[in-house]
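Residue numbers start from 1 in every chain, and the chains themselves are labelled A, B, ... in the order their sequence lines are given, proteins ahead of strands. These numbers come from the heavy atoms of this one structure, side chains and all, not from hydrogens, waters or symmetry mates.
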Amino acid sequence: MEHYNMNLNLKVWRQKNSNTKGSFKMYRVENISSEMSFLEMFDVLNEQLIEVGEDPIAFDHDCREGICGACSMYIDGKPHGPWHGNTTCQLHMRAFKDGDTIVVEPWRASAFPVIKDLVVDRTAFDRIIQAGGYISVNTGNAVDGNALPINKDKADASFDAAMCIGCGACVAACKNSSAMLFLSAKVSHLALLPQGEPERKSRVLDMVAQMDKEGFGSCTNTGACEATCPKEISISYIAQLNSEYLLAGLTKE
Amino acid sequence: MLDAKIPSGPIENKWTDYKGHCKLVNPTNKRKLEVIVIGTGLAGASAAASLGELGYKVKTFCFQDSPRRAHSIAAQGGINAAKNYQNDGDSTFRLFYDTVKGGDYRSREANVYRLAEVSANIIDQCVAQGVPFAREYGGLLSNRSFGGVQVQRTFYAAGQTGQQLLIGAYQALERQVALGNVTQYSRHEMLEVVIVDGKARGIIARDLVTGKLERHFGHAVVLCSGGYGNVFYLSTNAMGSNVTAAWKAHKAGAFFGNPCYTQIHPTCIPVSGDHQSKLTLMSESLRNDGRIWVPKKQGDNRKPNDIPVDERDYYLERRYPAFGNLVPRDVASRAAKERCDAGYGVGTSKQAVYLDFASAIERYGKIEVTKQGRDANSATHEEIITLGKQVVKEKYGNLFDMYEKITGENPYEVPMRIYPAVHYTMGGLWVDYELMTTVKGMYALGEANFSDHGANRLGASALMQGLADGYFVIPYTIGNYLADEIYSKAISTDHEAFVEAEKKVADRIHTLMNIKGKTSVETFHKRLGKIMWNKCGMARNEKDLQEAIVEIQALRKEFWKDVKILGEINEFNPELDKAGRVADFLELGELMCKDALLRKESCGGHFREESQTEEGEALRQDNEFMYVAAWEFESESSWKLHKEALNYEVIKPTQRSYK
Ligand SMILES: Cc1cc2nc3c(=O)[nH]c(=O)nc-3n(C[C@H](O)[C@H](O)[C@H](O)COP(=O)(O)OP(=O)(O)OC[C@H]3O[C@@H](n4cnc5c(N)ncnc54)[C@H](O)[C@@H]3O)c2cc1C
Ligand code: SF4
Ligand code: FES
């Protein structure tokens, strides 16, 4: 792979805190190596800002391996940027060329208020899980792991849904700020397993109710969520969620 | 000598006897007892959920925006358990034996045995929670093998085992939050422990969004704050992983065990430049199929595929014919360093070796052709390679993708370039059999304690330990302590101990902010990392370690004079958070060097150049060093050494050999 260096213009959203209004600010970074990750480019920019005495740009990140779900930048109009099935931290500068101007914003959704700059509050996702995104089993209550064989295809499908990293890109991509892809991934993860069966109905009803309470919008099937999801969670889980929800509603005592 | 309070009796009865005799707390009293859990990784989330289920009033803290993002989420390969589902001769004893041997005879037998004993329950618990482990077509759980063992006991969920286990524990935790048994504090950082009459009674935490300090009372404090590999700046750990919680506990009286024991993982993507912020692991499972080599000629600049097979040095296969590419991590890492130092390294930096899948692709391709009922010779080379690549993709696809995203190179076509990187810390807070530190009522679980892995951890054993500690050990051992606390009323956070602790934290933050120097936190962290890596890394010697101590002391002085932190105290300020962590690393680094200096032997991940065999292998000095070094903090740069003798009653220590 040929490496190259580039100079870039960055248009970055700056916002002091949730009570103040934000705005874009232009920055320039030079000699950025194509081998850097996008966040390493931000590290360079931040060191530059510290040098001149300007507050560094706040952004969420931790693992930088595409798995913790912390990183969350809206880059050139797309959550997590131009690469398909990718997180912000795994985006590398080879995706850009010399002279590019890159626009970087936080996730935008009323259920995800901005904390500072590019950092938003995603605790609504925790509360949705609290509403029923689990199997009620206390420690020590389990039977032998192999006492309950599970069809491999089902287990694999459940795993595919369980890969969701809770990043919120689906919400940020959706014009209605719907959290349906996130929610459906959790519901499907658990509904596809026999262990999830006893709480199947109450789970979906309670989680959907919580989602509505948090102020996420409704789903109009635009598919923007699936297209942007770094873990390529399939939109078919939303269909599954809908039928789970319907069934649960109809058969509720 | 330190007393680990190991129960008497035969090793296989110790834990059962302990559980049968430890004190209990009745349900009504549990509701009056408050427990603080720092950290929501596998250790913390499992502990908090289990304690909440038991009825204790629990508070959890993590610095990320959600408990689900704790660093455990990044674990790839798998989790060990002595289930013997494969009927291949596994047992509690064998897992116990492998772990003690893998740790180069520097761990405590009784703890390791208990770990092996509860390992099977962990898998059951996780399955019940809905963790989607990999399964066979018959619907039963699947296993794979990992380094340093001869049985298949590793359970996994593709390359995302840590994620799935943590999501399971997180969901159990959220359920307790919903039930009101646990209160969750995210984006909070613990910055001090509060000690009243010699017992841990609470913490001071900072709300990272508002910058405000908070006081929290607890009848006990359980630290599950993870490892300190980031003292090296570059490591496979998450960016935020740090030693601060453990370090504050240490300075408040908890002894620090074996700080110099560091695990350097052999297969990580190499450093590509000065901008590098972290290193990415390529799972140990790859060594099942990848072959490691360097050119036979020094400074060979040809492309890897242009170097004929007979001009390649498959140095692990050459040096360790019995284990080949699957030698334990410490051995593989040192061998890579040896080749690169001798001038055989590859890539632009020359600090890398090849991990090559070409032979595996061909081998699998031929098998696939045979599976189609054809003679392998009847297929074209191209056909074989195409089929082989599909098999490799199924096994390691996500890792290959990750490699390509980072390096821009296609590992199906050209060998991966890899180099060792800091990965895990076996050292940590010293704990006794009950996982209690030397401060009463303060516990340490998971990677934060000095743990069950001795001087080297085997793959897939950290997840096992974190969950063993949290689900199955602490629920019993903490009861044994809290049973005597039922008459202790909650202490008001107006108590002078809280006031003092908060003042200490506030003063330190003010001092940091008012230095207003010229150098960024990041710069100091990088410089510390370089000292640690060069002088307290894969190979250590007396001269380097002595120099490192002086250099770290000087760097620390400079930090406190010249660090530049912008922004304000009472706002979201990641630079300030980082500054506090780096300040603690600057103290820990010194202790690690001191510990490494004292231990004039090589064992596991700790390699002292002065103590090696003629063939360059690690040489233990059991007569002198068969102990845990537990350090008591006295004052800046001054520690007192305590020893816990390691008595091997069941396993007889021998020189490890993988030839
Ligand atoms: C890339 C990678 C792959 C790995 N793969 C495997 C594997 O396949 N198998 C295996 O067995 N092991 C593996 N390991 C090791 C294993 O993942 C870790 O040792 C283990 O997950 C640590 O868990 P923990 O609960 O002790 O700590 P962590 O998961 O690190 O959690 C620490 C918690 O403490 C919190 N915290 C820390 N300090 C503070 C503070 N001051 N205040 C408040 N909260 C704080 C954090 O927010 C976090 O919630 C891997 C490690 C890495 C780096
Ligand atoms: S569904 Fe995809 S985009 Fe949405 S939170 Fe999960 S991983 Fe992120
Ligand atoms: S930083 Fe963890 S997913 Fe990007």
Side-chain angles (χ1 to χ4, degrees), chain A residues 1 17 33 35-36 39-40 43-44 47 50 53 55-56 58 60-70 86 90 92 94 115-116 119 121-123 125-126 129-131 133-139 141-146 148-152 155 158-159 162-163 166 189-190 193 195-196, chain B residues 49-50 53 64-66 68-69 71 73-74 83 85 121 123-125 127-130 132 135-141 157-158 160 163-164 167 171-172 174-175 177-178 186 209 238-240 272-273 275-278 280 402 405-409 471 475 520 522 564 566-567 571-572 574-575:
Chain A
M1 186 83 197
N17 54 43
S33 156
E35 285 192 288
M36 282 186 198
L39 295 184
E40 283 168 349
D43 293 342
V44 171
E47 286 296 296
I50 294 170
D55 225 10
D60 262 325
H61 66 117
D62 200 20
C63 74
R64 295 203 177 186
E65 280 188 18
I67 193 74
C68 74
N86 195 60
Q90 291 290 76
H92 276 66
R94 326 187 262 295
I115 290 176
K116 183 176 182 178
V119 176
D121 178 349
R122 287 171 287 189
T123 47
F125 272 10
D126 284 338
I129 299 296
Q130 283 158 22
Y134 45 73
I135 287 166
S136 298
V137 52
N138 282 0
T139 304
N141 267 340
V143 295
D144 184 85
N146 262 349
L148 185 71
I150 300 173
N151 173 293
K152 181 173 166 32
S158 166
F159 171 75
M163 286 209 300
H189 160 209
L190 299 173
L193 297 171
Q195 300 91 304
Chain B
S50 303
E53 288 160 9
Q64 292 92 344
D65 67 326
S66 164
R68 65 179 292 155
R69 307 207 202 283
H71 166 59
I73 201 95
K83 277 287 198 186
Y85 282 158
N121 304 107
I123 301 304
D124 301 340
Q125 185 63 33
V127 169
Q129 289 170 344
R135 287 178 183 268
E136 304 293 346
Y137 279 102
L140 301 179
L141 294 162
Q160 287 110 298
Q163 181 198 22
Q164 295 308 317
I167 296 291
Q171 287 172 186
E174 294 310 291
R175 175 173 162 247
V177 173
S186 297
V209 176
M239 301 298 288
S272 71
H275 57 263
Q276 193 93 29
S277 60
K278 76 153 285 171
T280 302
M402 191 156 35
K405 271 181 198 161
I406 293 174
T407 64
E409 288 170 4
Y471 284 134
S520 72
E522 193 74 0
K564 180 177 190 179
L566 297 166
E571 66 169 349
F572 187 78
E575 279 298 308

Please name the pair of heavy atoms, one in [X] and one in [Y], separated by the smallest distance, quoted to 0.1 Å.
X: B:E571; Y: A:D55; result: OE2-OD2, 4.1 Å
X: A:A155; Y: B:R135; result: CB-CD, 3.7 Å
X: B:Q160; Y: A:I67; result: CG-CD1, 3.9 Å
X: B:D124; Y: A:G145; result: OD1-N, 2.7 Å
X: A:E40; Y: B:H275; result: OE1-CD2, 3.3 Å
X: A:G53; Y: B:L566; result: C-CD1, 3.8 Å

pair A:Q130-B:Q171: side-chain heavy atoms closer than 4.5 Å: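 A side-chain contact under 4.5 Å is absent here.
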Heavy-atom side-chain proximity of A:R64 to B:T280 below 4.5 angstrom: no
Distance check, rounded to the nearest 0.5 Å: [X] atom [atom1] versus [Y] atom [atom2]?
X: A:N138; Y: B:S50; atom1: CG; atom2: OG; value: 8.5 Å
X: A:D121; Y: B:D65; atom1: CG; atom2: CG; value: 8.0 Å
X: B:M239; Y: A:C68; atom1: CE; atom2: SG; value: 11.0 Å
X: A:L190; Y: B:Q129; atom1: CG; atom2: CD; value: 10.5 Å

Residue part contacting chain A, namely of B:I167, when any heavy atom lies under 4.5 Å: side chain
Contact class of B:Q163 relative to chain A, heavy atoms under 4.5 angstrom: side chain
Ignoring hydrogens and angles, tell me if any N or O in the side chain of [X] forms a donor-acceptor pair with the backbone of [Y] under 3.5 Å.
X: A:R94; Y: B:K405; answer: yes
X: A:Q90; Y: B:M402; answer: no
X: B:K278; Y: A:C63; answer: yes
X: B:E53; Y: A:T139; answer: yes
X: B:K564; Y: A:I50; answer: yes

Please classify the contact of [X] with chain B as side chain, backbone, both or neither, using a heavy-atom distance under 4.5 Å.
X: A:Q195; value: side chain
X: A:N86; value: both
X: A:V143; value: backbone
X: A:E65; value: both
X: A:I115; value: side chain
X: A:L39; value: neither
X: A:L193; value: side chain
X: A:N17; value: neither

ring-ring contact (aromatic ring centres under 6.0 Å, His included) involving A:H61 - partner list, sequence neighbours excluded: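 Result, ring-ring contact (aromatic ring centres under 6.0 Å, His included) vs A:H61: A:F59.
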Note: A:D144-B:K83 ion pair, threshold 4.0 Å (strictly below):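 Answer for the salt bridge query: yes.
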Pair A:D62 + B:R69: basic N to acidic O under 4.0 Å: no
Listed partners of A:A58 passing side-chain contact (heavy atoms from CB on, under 4.5 Å), at least two apart: A:K116, A:D117, A:V119, B:F572, B:P574
Max heavy-atom pair count under 4.5 Å with chain A, selected residue of B:Q164, B:H71, B:E522: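 Of the options given, most contacts go to B:Q164.
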Which of B:E575, B:E174, B:Q276 touches chain A most, by non-hydrogen pairs under 4.5 Å: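 The residue among B:E575, B:E174, B:Q276 with the greatest pair count is B:E174.
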Test item: side-chain donor near acceptor, B:S66 and A:R122, under 3.5 Å: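 Absent: no donor and acceptor within the cut-off.
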